Amino acid sequence: MNKSELVREIANNAGITLKDAGMVFDSVVVTITEALKKGEKIQISGFGTFEVKEKAAREGLNPKTQEKIKIPASKTPVFKFGKAYKDSFN
């Protein structure tokens, strides 16, 4: 399922127009992104948790030349499904 198919399903399930469903979907994505950039953790009961994980700087290896390289520290957004949501599939 791609974004337009998802928006269509949201519109059908909520009984709203495609335009309104698209605006709601985009708003949810923007809101989550802005909250994560501020360092906030977002927990949605029964679904999961969005948060930002920090990766420490480390030393890596260039696979082509076997030369050691320094990999800088970084932040990565992650999502973890909640137990109740995962259990709903079994």
Side-chain angles (χ1 to χ4, degrees):
M1 179 179 289
N2 61 30
K3 179 182 174 183
S4 62
E5 293 167 339
L6 179 59
V7 168
R8 188 176 302 113
E9 287 298 316
I10 292 169
N12 289 338
N13 290 336
I16 59 177
T17 67
L18 280 175
K19 183 179 179 182
D20 289 344
M23 288 182 350
V24 168
F25 179 81
D26 290 340
S27 178
V28 167
V29 171
V30 167
T31 303
I32 290 171
T33 302
E34 288 174 355
L36 290 175
K37 284 182 179 181
K38 292 179 194 173
E40 296 176 20
K41 183 177 183 178
I42 303 164
Q43 293 179 305
I44 303 171
S45 290
F47 185 57
T49 304
F50 293 91
E51 64 183 315
V52 175
K53 296 271 184 165
E54 293 190 26
K55 291 185 174 184
R58 62 193 189 280
E59 198 171 86
L61 208 60
N62 181 330
K64 190 172 184 179
T65 64
Q66 300 301 312
E67 178 184 348
K68 290 184 179 182
I69 57 173
K70 290 183 179 179
I71 301 171
S74 63
K75 294 180 181 180
T76 304
V78 295
F79 179 78
K80 182 178 178 184
F81 286 104
K83 182 179 180 340
Y85 186 78
K86 289 191 281 189
D87 289 347
S88 72
F89 288 91
N90 294 318

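Everything numeric here is computed off the predicted structure, so don't read it as measured data. Heavy atoms only: backbone and side chains are in, while hydrogens, waters and symmetry mates are out. Position 1 is the first residue of the sequence, and the numbers go up from there.
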Inset, instruction - Identify, with sequence neighbours excluded, every residue that meets side-chain contact (heavy atoms from CB on, under 4.5 Å) alongside S4. - result: N2
Legend entry - Hydrophobic cluster membership, V28 vs M23, 4.5 Å side-chain cutoff: no
Legend entry - Heavy-atom closest contact (I69 atom, L61 atom, distance): CG1-N, 4.2 Å
Inset, instruction - State yes or no: do M1 and V29 share one hydrophobic cluster built from I, L, V, M, F, W and Y residues joined by side-chain heavy-atom distances below 4.5 Å, directly or via other members? - result: yes
Inset, instruction - With the side chain counted from C-beta on, respond yes when N62 and Q66 share a heavy-atom pair under 4.5 Å apart, and no when they do not. - result: no
Inset, instruction - May I have all residue pairs that pass salt bridge (Lys or Arg N to Asp or Glu O under 4.0 Å) and include part of residues 60-87, sequence neighbours excluded? - result: E59-K68, K83-D87
Legend entry - Residues which pass side-chain contact (heavy atoms from CB on, under 4.5 Å) with S45, listed by chain and number, not counting sequence neighbours: none
Legend entry - Approximate separation, where rounding is to 0.5 Å, of F81 CZ and I44 CD1: 10.5 Å
Under 3.5 Å, side-chain donor or acceptor atoms of residues 46-53 against the rest of the protein: list the pairs with distances, not counting sequence neighbours.
none

Inset, instruction - Check side chain to side chain donor-acceptor pair (under 3.5 Å) between K3 and all other residues, then give those that pass, not counting sequence neighbours. - result: D26
Inset, instruction - Indicate if Y85 and I42 have the same hydrophobic cluster label, given that clusters are the connected sets of ILVMFWY residues with side-chain heavy-atom separations under 4.5 angstrom. - result: yes
Legend entry - Set of residues satisfying salt bridge (Lys or Arg N to Asp or Glu O under 4.0 Å) with respect to K41, sequence neighbours excluded: none
Inset, instruction - Write down the atom of P77, the atom of L36, and the distance for their closest heavy-atom approach. - result: CB-CD1, 4.2 Å
Inset, instruction - Could you name each residue pair satisfying ring pair (Phe, Tyr, Trp, His ring centres under 6.0 Å) that touches residues 3-35, not counting sequence neighbours? - result: none
Legend entry - Under the side chain to side chain donor-acceptor pair (under 3.5 Å) test, residues paired with T31 that sit two or more places apart: none
Show which side-chain atoms of residues 10-18 pair as donor or acceptor with protein atoms under 3.5 Å away, not counting sequence neighbours.
unit_1	atom_1	unit_2	atom_2	d
N12	ND2	R8	O	3.4
N13	ND2	E9	O	3.3
T17	OG1	D20	N	3.1
T17	OG1	D20	OD2	3.3

